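Notes follow once the structure below has been shown.
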Amino acid sequence: MRIVLRFLEGLNPQQRAAVTEPAGHVLVLAGAGSGKTRVLTTRIAWLIHTGRAGPQQILAVTFTNKAAREMLDRIGAMLPVNPRIMWIGTFHGLCNRLLRTHFRDAQLPQSFQILDTQDQLAAIKRMVKAAGVDDERCPPRELQMFINGAKEAGLRARDLGADAGDRLWVELYDTYDRQCQRDGAVDFAELLLRSFELLSRNEALRRHYQERFRHLLVDEFQDTNVLQYRWLKLLAGPDCTVFAVGDDDQSIYRFRGAHVGNMADFEREFHIAQVIKLEQNYRSSGHILEAANHLIRNNAQRLGKNLWTAAGQGEQAVLMEAASDGLEAAWIVNEIRDLKAGGTRASEVAILYRSNAQSRILEHALFNAGLPYRVYGGLRFFERAEIKNAMAYLRLAENPHDDVSFSRAVNFPARGIGSRSLEVLQDAARASSKSLFASIGAVAGKAGASLAEFARLIEALRAAASTRSLPELVSAVLAQSGLAAHYARERDGQDRLENLEELVNASLSFVAEQGFDAETPASRTGVDPDTLAPLTAFLAHASLEAGDNQAGQGQDALQLMTVHSAKGLEFEAVFITGLEEGLFPHENSLSEGGGLEEERRLMYVAITRARRRLFLSFAQSRLLHGQTRYGIRSRFVEELPAGSVRWLSPRSSSFALRASRDGSDFGPGDSAVWPPVTRGVEEGFQGFQVGQAVRHPKFGAGIVLRLQGAGSDARAQIRFESAGVKELLLAVAKLERN
DNA sequence: GGAGACTGCGTTTTT
DNA sequence: CGCAGTCTCC
């Protein structure tokens with residue numbers, strides 16, 4: 001009992017109520033920095049320790065591998081428990097586990113391969129081409145979105161109504177699914193849909209898992225999509241308790257299918273009597289929290305919640321208006337120097353931006369200032385081309401009939417099998433409904449000889465897989481495929497070669513971590529037939545966990561990332577940059593319903609990452625897509641409480657087209673006064689926006705100062721470089737975007 | 001088959 | 001502007 005008390009020590013009443021809810025489903029509305037992860041992990045420890053559940057009766061699901069790992073670590077620190085016995089992981093990881101265990105019922109080979117986003121796109125391209133469809137009419141990227149969208153809504157091709165316009169797409173969706181089935185390949189959305197279908201069709205299996213899992217716990221519930229919620233409902237049997245934690249204000253993934261409505265649906269469908277709200281924030285100081293609260297109140301669609309802190313007000317946020325993006329970066333460099341001088345570690349400072357394109361100029365400034373930094377985002381280890389190439393050979397070693405990998409590996413490094421030869425092979429394969437590998441014999445001549453040699457290589461690797469350990473197999477792949485030699489020869493191949501060597505290390509640590517015997521041949525399954533072969537497990541691991549972003553983790557460096565990737569993290573000091581209309585909120589978001597509110601939540605997430613210091617900035621001009629764009633400050637800046645923000649605004653800013661002189665709202669604000677902004681409607685003006693650079697045949701280049709009126713009376717006030725300010729009717733004036 | 005020119009495009013991202 | 005993807009020519 002003493003241990004129980006230790007778990008619960010230091011929890012506030014709401015946290016304790018959530019952790020110790022004895023029966024019934026729970027919905028926790030957990031604000032940013034309110035101790036959400038702690039509640040989730042303590043709940044699991046409490047359930048097990050008080051004997052309310054065995055570890056095998058727990059299923060906890062998160063969105064990222066990182067969150068799953070953290071949860072496991074924290075539980076492990078509280079209780080001695082075998083982590084394998086609990087089902088803790090990502091939706092995709094758990095579905096993978098389910099499908100590998102019940103591969104026959106799911107009608108899959110046990111060694112089915114998982115297609116990541118890139119693999120899926122490649123498979124779609126291949127399929128579209130094979131179907132003889134013009135990819136102008138059916139852009140593979142859009143088809144990919146269509147397919148994933150359908151799967152995430154739980155719909156197969158046959159469930160989709162065949163409107164004349166969509167018929168082709170629906171057919172291609174069906175063709176794609178059949179191709180995947182033939183290849184034994186499963187994409188990310190399929191992992192979910194397939195296990196959903198498995199459980200919904202197979203009553204015995206469903207019963208089995210419903211009786212086993214007495215506690216389902218869901219993290220980041222606001223990010224679940226429709227199918228994930230249905231999956232949870234299916235798994236939640238009569239004796240099961242669902243514990244969902246989420247924050248509607250931090251729902252920022254609607255654009256990829258997240259359905260915040262799941263929270264309200266859950267509340268209703270599971271008869272939640274009382275939602276537990278965690279509103280005490282332990283992270284940020286008063287002014288920062290006040291800024292976040294004030295901003296988010298502008299959203300109409302909220303469950304409602306207000307964060308408070310027992311900590312003091314702290315320092316006000318600082319807002320900088322810079323004349324250009326370069327000066328914005330220079331200001332940031334200065335502030336960072338001050339922070340460092342004041343004792344803040346670089347790794348405790350984050351520079352956030354709305355889109356990745358903004359990082360370049362920041363990196364440039366930091367580099368020149370000699371400040372070490374680390375950029376998150378971009379290619380991860382298992383997504384790198386050279387790693388994917390090596391993985392393709394490994395997949396062929398496991399299954400030579402894998403056409404995706406075959407296509408990738410067959411002529412890389414080049415071995416004289418060009419596009420013509422491949423077409424012949426593909427035709428032969430299609431005609432006989434066999435895999436590419438199985439059709440090699442059908443190709444005659446010189447190309448046939450090259451293909452036969454490739455086939456011998458694959459057979460040699462297969463043989464190696466059955467006798468040698470996984471790391472030995474990886475080494476053999478690098479040597480025998482010619483990949484190592486290829487990159488050694490290439491001018492800029494050194495980094496790639498090092499990455500390939502790192503792949504051997506990755507397989508070594510994988511074997512050790514997963515508890516495989518170091519000598520086990522790569523393709524040998526365990527004594528227990530349910531135990532995967534090291535190679536199979538490694539291939540799944542590579543697809544499900546793309547690996548870390550880049551090296552240099554150990555050193556103390558500034559953290560640069562998009563606001564999205566900052567979610568879940570916290571820093572002593574946070575810079576939010578590029579607060580300009582069109583950038584943040586992003587212009588593309590304005591056209592979609594609810595888009596602006598999502599952008600605002602994004603801003604909310606950004607602000608709440610900061611513990612002590614918050615720096616906001618925007619630039620009057622910014623080089624974007626090769627041209628200078630003049631922006632006005634983000635509406636989000638206006639939505640911050642005056643008392644919590646200190647405005648810095650150098651009067652000396654050299655703004656070529658300063659409009660403040662003629663009384664418009666466009667231009668540097670006054671630091672002493674809260675500037676009330678009169679803003680015209682910004683949408684529906686033939687795509688023109690305030691601050692946009694335009695060109696007129698007679699007046700030349702100018703900037704849109706204001707848009708007003710509507711329909712045929714829609715007018716733009718424009719300041720031209722030479723002709724001064726004019727007001728033009730959009731319906732009449734021949735305005736071009738410049 | 002591969003280097004080099006040319007075209008088009010340009011949110012956010014995890015699995 | 002910078003990149004990825006395609007096209008062209010050797």
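On a predicted model such as this, the values are computed, not experimentally measured, just so you know. Each chain gets a letter, A, B and so on, in the order the sequences are listed, and its residues count up from 1. FYI, side chains are in, hydrogens and waters are out, and symmetry mates aren't considered; it's all heavy atoms of this structure.
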Among [options], which is the nearest nucleotide to the side chain of [X]?
{"X": "A:Ala414", "options": "B:dG1, B:dT15, B:dT13", "answer": "B:dG1"}
{"X": "A:Thr562", "options": "B:dT11, B:dT13, B:dG1", "answer": "B:dT13"}
{"X": "A:Thr64", "options": "B:dT11, B:dT14, B:dT13", "answer": "B:dT14"}
{"X": "A:His586", "options": "B:dT12, B:dT11, B:dT14", "answer": "B:dT11"}
{"X": "A:Thr117", "options": "B:dT12, B:dG1, B:dT15", "answer": "B:dT15"}
{"X": "A:Arg380", "options": "B:dT11, B:dT14, B:dG1", "answer": "B:dT14"}

Quick one: is [N] close enough that its OP1 or OP2 comes under 4.0 Å of any side-chain N or O from [X]?
{"X": "A:Asn65", "N": "B:dT14", "answer": "no"}
{"X": "A:Asn356", "N": "B:dT12", "answer": "yes"}
{"X": "A:Asn411", "N": "B:dG1", "answer": "yes"}

Problem set entry | Neighbour count above 12 (heavy atom, 6.0 Å) for A:Arg84 CZ | no
Given atom [atom1] of [X] and atom [atom2] of [N], what is their separation to the nearest angstrom?
{"X": "A:Arg420", "N": "B:dG1", "atom1": "CZ", "atom2": "C1'", "result": "9 Å"}
{"X": "A:Leu352", "N": "B:dT11", "atom1": "CG", "atom2": "C1'", "result": "16 Å"}
{"X": "A:Leu422", "N": "B:dG1", "atom1": "CG", "atom2": "C1'", "result": "14 Å"}
{"X": "A:Ile114", "N": "B:dT14", "atom1": "CD1", "atom2": "P", "result": "17 Å"}
{"X": "A:Leu192", "N": "B:dT14", "atom1": "CG", "atom2": "P", "result": "17 Å"}
{"X": "A:Leu583", "N": "B:dG10", "atom1": "CG", "atom2": "P", "result": "16 Å"}
{"X": "A:Met145", "N": "B:dT13", "atom1": "CE", "atom2": "C1'", "result": "13 Å"}
{"X": "A:Leu590", "N": "B:dT12", "atom1": "CG", "atom2": "C1'", "result": "14 Å"}

Problem set entry | Syn or anti for B:dT11 (syn when the glycosidic angle lies within 90° of 0) | syn
Have a look at [X] and say if it touches a base, only the backbone sugar-phosphate, or nothing, with a 4.0 Å heavy-atom cut-off.
{"X": "A:Leu94", "value": "nothing"}
{"X": "A:Phe255", "value": "base"}
{"X": "A:Phe91", "value": "nothing"}
{"X": "A:Glu599", "value": "base"}

Seminar exercise, completed: Assign each of A:Phe188 and A:His625 the nucleotide of DNA chain B bearing its closest heavy atom; nearer the 5' end lies the nucleotide of A:His625
For this session: Using the closest heavy atom to pick a nucleotide of DNA chain B for each, name whichever of A:Gly418 or A:Ser589 lands nearer the 5' end.
Result: A:Gly418
Problem set entry | Qualifying residues under ring pair (Phe, Tyr, Trp, His ring centres under 6.0 Å), relative to A:Phe454, sequence neighbours excluded | A:Phe406
Exercise. So do A:Gln559 and A:Tyr376 actually touch side chain to side chain, heavy atoms under 4.5 Å?
Worked result: yes
Problem set entry | Verdict with reasoning, A:Ser450 to A:Glu453, per side-chain contact (heavy atoms from CB on, under 4.5 Å) | CA-CA 5 Å; A:Ser450 309; A:Glu453 195 172 325; 5.7 Å; no
Kindly list each side-chain donor-acceptor pair under 3.5 angstrom involving residues 561-568 of chain A, sequence neighbours excluded, with atom names and distances?
{"unit_1": "A:Thr562", "atom_1": "OG1", "unit_2": "A:Ser565", "atom_2": "N", "d": "3.2"}
{"unit_1": "A:Thr562", "atom_1": "OG1", "unit_2": "A:Ser565", "atom_2": "OG", "d": "2.8"}
{"unit_1": "A:His564", "atom_1": "NE2", "unit_2": "A:Ile252", "atom_2": "O", "d": "3.3"}
{"unit_1": "A:Ser565", "atom_1": "OG", "unit_2": "A:Thr562", "atom_2": "N", "d": "3.4"}
{"unit_1": "A:Ser565", "atom_1": "OG", "unit_2": "A:Thr562", "atom_2": "O", "d": "3.3"}
{"unit_1": "A:Lys567", "atom_1": "NZ", "unit_2": "A:Glu220", "atom_2": "OE1", "d": "3.4"}
{"unit_1": "A:Lys567", "atom_1": "NZ", "unit_2": "A:Asp223", "atom_2": "OD2", "d": "2.5"}

Seminar exercise, completed: Applied to residues 408-422 of chain A, the salt bridge (charged side-chain N to carboxylate O under 4.0 Å, His left out) test, sequence neighbours excluded, yields none
For this session: Output all residues satisfying side-chain hydrogen bond (donor to acceptor under 3.5 Å, both in side chains) with A:Gln144, sequence neighbours left out; order by chain, then residue number.
Result: A:Gln120
Problem set entry | All side-chain hydrogen bond (donor to acceptor under 3.5 Å, both in side chains) counterparts of A:Glu328, not counting sequence neighbours | A:Ser617, A:Arg622
Exercise. Thinking salt bridges, do A:Lys388 and A:Asp116 make one under a 4.0 Å N-O criterion?
Worked result: yes
For this session: Classify the side chain of A:Arg354 versus the base of B:dT11 as yes if they form a donor-acceptor pair under 3.5 Å and no if they do not.
Result: no
Seminar exercise, completed: Per-nt protein contacts along nucleotides 2-10 of chain C (heavy atom under 4.0 Å; B base, S backbone sugar-phosphate only, - none) come out as SS-------
Exercise. Say you pick atom C1' in B:dT12 and the same atom in C:dG5; how far apart are they, in whole Å?
Worked result: 23 Å
